[in-house]
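Here is the structure we will look at.
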2 protein chains.
Amino acid sequence: MRSSTLSKATMGRLPLYLQFIRTVQTENVSSATVARALGLGEVQVRKDLASICPAGMPKIGYPTERLREDLEAVLGMKQTIPAVVVGAGKLGRALMAYDGFREYGLEIAAAFDTRVTDSSHERKPILPMEQMHGWCREHEVHIGILTVPAGAAQEAADQMVNSGITAILSFVSVPIRVPDTVTVKHENIALSLACLKIVAGMSNETTEEDSHGSEDL
Amino acid sequence: MRSSTLSKATMGRLPLYLQFIRTVQTENVSSATVARALGLGEVQVRKDLASICPAGMPKIGYPTERLREDLEAVLGMKQTIPAVVVGAGKLGRALMAYDGFREYGLEIAAAFDTRVTDSSHERKPILPMEQMHGWCREHEVHIGILTVPAGAAQEAADQMVNSGITAILSFVSVPIRVPDTVTVKHENIALSLACLKIVAGMSNETTEEDSHGSEDL
DNA sequence: TATATATCGATAACTCTTTATCGATATATC
DNA sequence: GATATATCGATAAAGAGTTATCGATATATA
């Protein structure tokens, strides 16, 4: 199992590196530069980058172009693959319109909803749920974004799984049950804000001890 | 309370517990039940809960009501505090309409944008950026959600800081620079999806050598 | 009352992640 | 060519987080 020594933690930082590397203009970039820009430890950056790009050179750093390519390769951004949105409410439609996905090799191809509202002014089709199965099979879509109301989440998820979706990004605040073969990632925005509230010390209970400014959680 | 023994990891799970506890109907709930429901380890749940609720009893479990209260207390949900949205685009307006924040003691009070579009049909005001400073000071708002285009992010963030915002939830994909006194949490949706793409094994780039299915991340 | 059982809390063992240290090397300067 | 310096990769140490184990205890049952 020595094929990918990429730990979860490292994996989570790779997109961050890519984001920054894309802004670098110089031919080479050192771990120290990256570390400073992203507020990470220099050694950590070196360790992360070494694990995916063997082109680092003493005194020089990493060749920017090569590093970017390697990052994109590992992150699977060479090709753009399609995703669907399930639940064409406000959030769902906002995500459809969001063009930031392309940078990461993803494209939202369509949305599905039980109530098909007017989608004539949208650039991408909003289709009735009944068509999801056929549509996803036909277009070989395996990634779905779930943005339905909590009450409809489980049923929608079931239909997604049934349609061949194997990876779900859920914005629903309740947990959903899926087979082991399907991966679910919850993106609880309210929860994120709540954490921020805590971190920012707006709740009487503060974790007052880490003074070295790393502000994740 | 001096219980600053709450690790980041634990902190991140507390809202998850709260979410589930709120659905529990029985008078008491055991760590095993919670663990099963959330797919966590039984011991881990016990450790987490023990750190915030001393009312666990052998053979009984935790008193549901008491546990909920303690969770809400630690998470600072006793009182609802206001937040503002900066950038009233599609995502910004979708977040304004999202009512899941209240469950976590947060409420979006208003939005600000450079171009003030028609907000007469919105329940909450969308105001011009120029008014942010005064408005936030007057209403004592210290949490902001940043949903402007990447190019406008830094300037908007500066204005937020200047308006007294000390915690920012950013949906912008570029890093923003803020003083040390301000906490920023990035919520990169595209990035989340990208990770999912990797996890779901759609980027055949991860395991080139023989792999035994090391399913990390 | 005695025994059995479910469950907690604490300690310890383990694993994962981060940080520190150090020798090696590419380039620059003398 | 010799020396200095920036930077890498590797190894080791330290720190966090997770999982396993075990004794203690509240209730149930005989």
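What you are looking at is a predicted structure, and each value in this text was computed from that prediction instead of being measured. Just so it is clear: chains get the letters A, B, ... in the order the sequence lines come, proteins before strands, and each one is counted from 1.
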Just how far, in rounded Å, is P of dC8(C) from CG of Leu67(B)? 11 Å
Can any side-chain N or O of Gln154(A) pair as donor or acceptor with the backbone N or O of Arg177(A) at less than 3.5 Å? yes
Using a 3.5 Å distance criterion without hydrogens, assess whether the side chain of His142(B) forms a donor-acceptor pair with backbone atoms of Gly164(B). yes
Atom CG of Leu49(B) and atom P of dC8(C): how far apart are they, to the nearest Å? 8 Å
CZ (Arg13(B)) and CG (Leu49(B)) are apart, to the nearest 0.5 Å, by 10.0 Å
Per Ile60(A) side chain, nearest of listed nucleotides dC8(C), dT18(C), dT27(C): dT27(C)
Measure the distance from CG on Leu40(B) to C1' on dA20(D) and round it to the nearest whole Å. 17 Å
Winner on side-chain proximity to Tyr62(B), out of dT18(C), dT19(D), dC8(C), is dC8(C)
So, is Arg46(B) close to the dC22(D) phosphate, meaning a side-chain N or O under 4.0 Å from OP1 or OP2? no
When you measure from the side chain of Val43(B), which nucleotide among dC8(C), dT21(D), dG9(D) comes out closest? dT21(D)
Minimum-distance nucleotide (side-chain atoms of Ser31(A) versus dA24(D), dT18(D), dC8(D)): dC8(D)
Of the listed nucleotides dA6(C), dT17(C), dA6(D), the one nearest the side chain of Pro58(A): dA6(D)
